[in-house]
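Notes for the one structure printed next.
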Amino acid sequence: MVILITGATGFIGRRLTGALRAAGHRVVTIGRHAAGADAIAADFTRDLTPAIWAPRLAGVDVVVNAVGILREHGHQTFESIHTRAPQALFAACEAAGVKKIVQISALGADHGSTGYFTSKHAADQYLASLPIPWTIVQPSLVFGAGGSSATLFTLLASLPIVPLPGGGHQQVQPIHIDDAIAAIQEIIESSAIEQRRIALVGPAPISLKDFLQRLRARLQLPSARFMSIPAGIMRASAAVAEYLPGSLLDRETLSMLNAGNTAPPDDTQRLLGRPPRATEQLIGDEQRDALLMAAQLAWLLPLLRFSIALVWIWTGIVSLGLYPTQDSYELLARVGITGVLAPVMLYGAAVLDLLVGIGTMVLRRRRWLWLLQLAVIGGYTVIITFKLPEFWLHPYGPLSKNLVMLAAIYLLYTLESRRWNTSS
């Protein structure tokens, strides 16, 4: 078949594209950046009329809409990406004689009240009104390496103290990404002419607390120590987290988690020809170490960055007057800085320390800032080594600790650079 997939670079779309091509189908992908003969450039924020979509459907047998966003950003709104563009696509499919439409929606969209759910539901309802074979797939939490759900929940499971919103009684029913892809592929390849909604879920509902405990056991970590977070504090935290770049927590995702969407696994089992994988099978042996490393780095690197930022900020504050100014001038004099240059260097360095610390906390891209810190600390260390060598013998190690700082900063420089290169 000729299958057109929107959102083909996303978590589900990318894997579905690979599976369908491996099965011998011709897959035409839709994305903002087209690359290859079977790739078409499109923009769900602007392509909002059937006339725009019609030329792209020539010869297409099946259309799969796998486009979705978890958070609105600029022109990328739930209304345009989840509702208006899919409605235009579905209308064009009907006019072009497409044989089947598969809409990747979400479990809970039928009754959810968040912007994510209501926008998905609007597209679902429009598709259901068309006289064309369709299937609305409603996955639960889809778990797999590289997915936002796996990233969030393995991070939580790896923490020394695991926070639980409201005690962790929310019900989840995670499905493995491979099971979800196999079920969707079966729907696409089926010759049955039907119009129905299908929930893709794991074998049974499980509480969030139990889910995180089982993930932690699968990651071969000791039993978790849990801390219940009151609902009010969670809502306030989610509201603040919305403004943090890359945060997986906001009021939308918290509301969806609290909704606790579950469903019978009958349809999933029918499509797979077997029960879906249990929670203990979500992480394979070959993935465990990599997932654990990624989960721990996801909170250890920000902790290390925050600690380094505090060192710079506190150093700046101390240099501005908490440490006796005359003693600072005496140290500068031994280095060769005296007269009018002494206060300029003292307060200039203090301000630099403050700016470096604040920048370390708030700037998103910090590659140049890490290099600046390496240069500043390295320069200080060399100068003090020659001018004030006794600090190497100080029992509190004020100079030898620079070696630890340099190593930590270089670690952040290396790992953050790799992350940015991967994401771009």
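- Although no hydrogens or angles enter the test, the distance criterion places a donor-acceptor pair under 3.5 Å between the side chain of Gln173 and the main chain of Ala263.
- Of the inter-residue distances, the one linking Ile104 atom CD1 with Leu200 atom CG reads 7.5 Å to the nearest 0.5 angstrom.
- Taking the charged nitrogens against the carboxylate oxygens, Arg56 and Asp47 do have a contact shorter than 4.0 Å, which makes a salt bridge.
- The side-chain heavy atoms of Leu208 and Pro165, taken from C-beta on, include a pair separated by under 4.5 Å.
- Taking a 6.0 Å sphere around CZ of Arg235, one finds it holds 12 or fewer heavy atoms contributed by other residues, nucleotides or ligands.
- Side-chain contact between Ile187 and Arg196: absent, with no pair of heavy atoms (C-beta onward) separated by less than 4.5 Å.
- If you take CG on Leu303 and CD1 on Ile308, they are separated by 10.0 Å, rounding to the nearest 0.5 Å.
- Under the 3.5 Å distance criterion, the side-chain polar atoms of Arg218 are matched with a main-chain donor or acceptor of Glu280.
- Using modelled atom types, no side-chain atom of Thr6 and backbone atom of Ile30 make a donor-acceptor pair closer than 3.5 Å.
- Salt bridge absent: Asp266 and Arg270 never bring a charged side-chain N and a carboxylate O closer than 4.0 Å.
- Judged purely by atom type and a 3.5 angstrom limit, Lys401 uses its side chain to pair as donor or acceptor with the backbone of Tyr396.
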Legend entry - Step-by-step side-chain contact (heavy atoms from CB on, under 4.5 Å) determination, Asn402 to Ile384: CA-CA 11 Å; Asn402 281 357; Ile384 295 173; 5.6 Å; no
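- Remark: Trp53 CH2 to Leu89 CG distance equals 5.5 Å, nearest 0.5 Å.
- Side-chain N or O atoms of Arg197 include none that pairs as donor or acceptor with a backbone N or O of Gln138 at under 3.5 Å.
- The six-membered or imidazole ring of Phe153 lies away from that of Phe143, with a centre-to-centre distance of 6.0 Å or more.
- Using a 4.5 Å heavy-atom cutoff, the side chains of Leu141 and Leu257 are not in contact.
- Between Gln373 and Tyr413, every side-chain heavy-atom pair lies at or beyond the 4.5 Å cut-off.
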Inset, instruction - Start with the C-alpha gap between Leu310 and Met361, add the side-chain angles, then the distance that decides, and say whether side-chain contact (heavy atoms from CB on, under 4.5 Å) holds. - result: CA-CA 9 Å; Leu310 286 182; Met361 283 188 176; 3.7 Å; yes
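- Contact of the Leu57 side chain with the Cys93 side chain is registered, since non-hydrogen atoms from C-beta on lie closer than 4.5 Å.
- The shortest distance between side-chain heavy atoms of Pro275 and Gln269 falls below 4.5 Å.
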Inset, instruction - Verify side-chain contact (heavy atoms from CB on, under 4.5 Å) between Thr268 and Leu271, making sure each step is shown before the conclusion. - result: CA-CA 5 Å; Thr268 307; Leu271 290 167; 5.9 Å; no
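- In this structure, Arg274 pairs ionically with Asp179, as a charged nitrogen and a carboxylate oxygen lie closer than 4.0 Å.
- Side-chain contact between Phe44 and Ser80 is absent, with no heavy atoms from C-beta onward closer than 4.5 Å.
- A donor-acceptor pair under 3.5 Å is absent between the side-chain atoms of Lys120 and the main chain of Gly108, judged by distance alone.
- How far CD of Glu186 is from CD1 of Ile184: 12.0 Å, rounded to the nearest 0.5 Å.
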Inset, instruction - Begin with the C-alpha distance, continue with both residues' side-chain angles, and end with the deciding distance and a verdict on side-chain contact (heavy atoms from CB on, under 4.5 Å) for Ile188 and Met1. - result: CA-CA 10 Å; Ile188 293 170; Met1 294 184 290; 4.0 Å; yes
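- Relative ring orientation between Phe90 and Tyr126 is described as parallel, the plane-to-plane angle staying below 30° on a 0-90° scale split at 30° and 60°.
- Proximity of a side-chain donor or acceptor of Gln195 to a complementary backbone N or O of Leu130 within less than 3.5 Å is detected.
- For the atom pair CD1 (Ile283) and NE2 (His176), the distance works out to 8.5 Å, reported to the nearest 0.5 Å.
- Here the closest non-hydrogen pair linking Pro163 and Leu159 is CD-CD1, 3.6 Å.
- Of all heavy-atom pairs spanning Ser400 and Trp392, the tightest one is CA-CZ3, 3.8 Å.
- Ser158 contributes a side-chain N or O that, together with a main-chain N or O of Leu155, makes up a donor-acceptor pair within less than 3.5 Å.
- The local environment of CZ in Arg46 is sparse, with at most 12 non-hydrogen atoms from other residues, nucleotides or ligands closer than 6.0 Å.
- Distance CZ/Phe11 to CD1/Ile177: 4.0 Å, rounded to 0.5 Å.
- Side chain of Ser228 to main chain of Gly167: a donor-acceptor pair is present (N/O by atom type, distance under 3.5 Å, no hydrogens or angles).
- With Arg305 contributing its side chain and Thr360 its backbone, the two residues share a donor-acceptor pair below 3.5 Å.
- Counted by atom type alone, Thr45 and His75 present zero donor-acceptor pairs between their side chains at under 3.5 Å.
- Counting non-hydrogen atoms of other residues, nucleotides and ligands closer than 6.0 Å to CE of Met405 gives a total above 12.
- Exactly one of Val318, Ile313, Val311, Ile317 qualifies for a side chain to side chain contact (heavy atoms under 4.5 Å, CB included) with Thr315. That residue is Val311.
- Around atom NE2 of His73, no more than 12 heavy atoms belonging to other residues, nucleotides or ligands sit under 6.0 Å away.
- When side chains are defined from C-beta on, Asp61 does not count as touching Ile3, because their heavy atoms never get closer than 4.5 Å.
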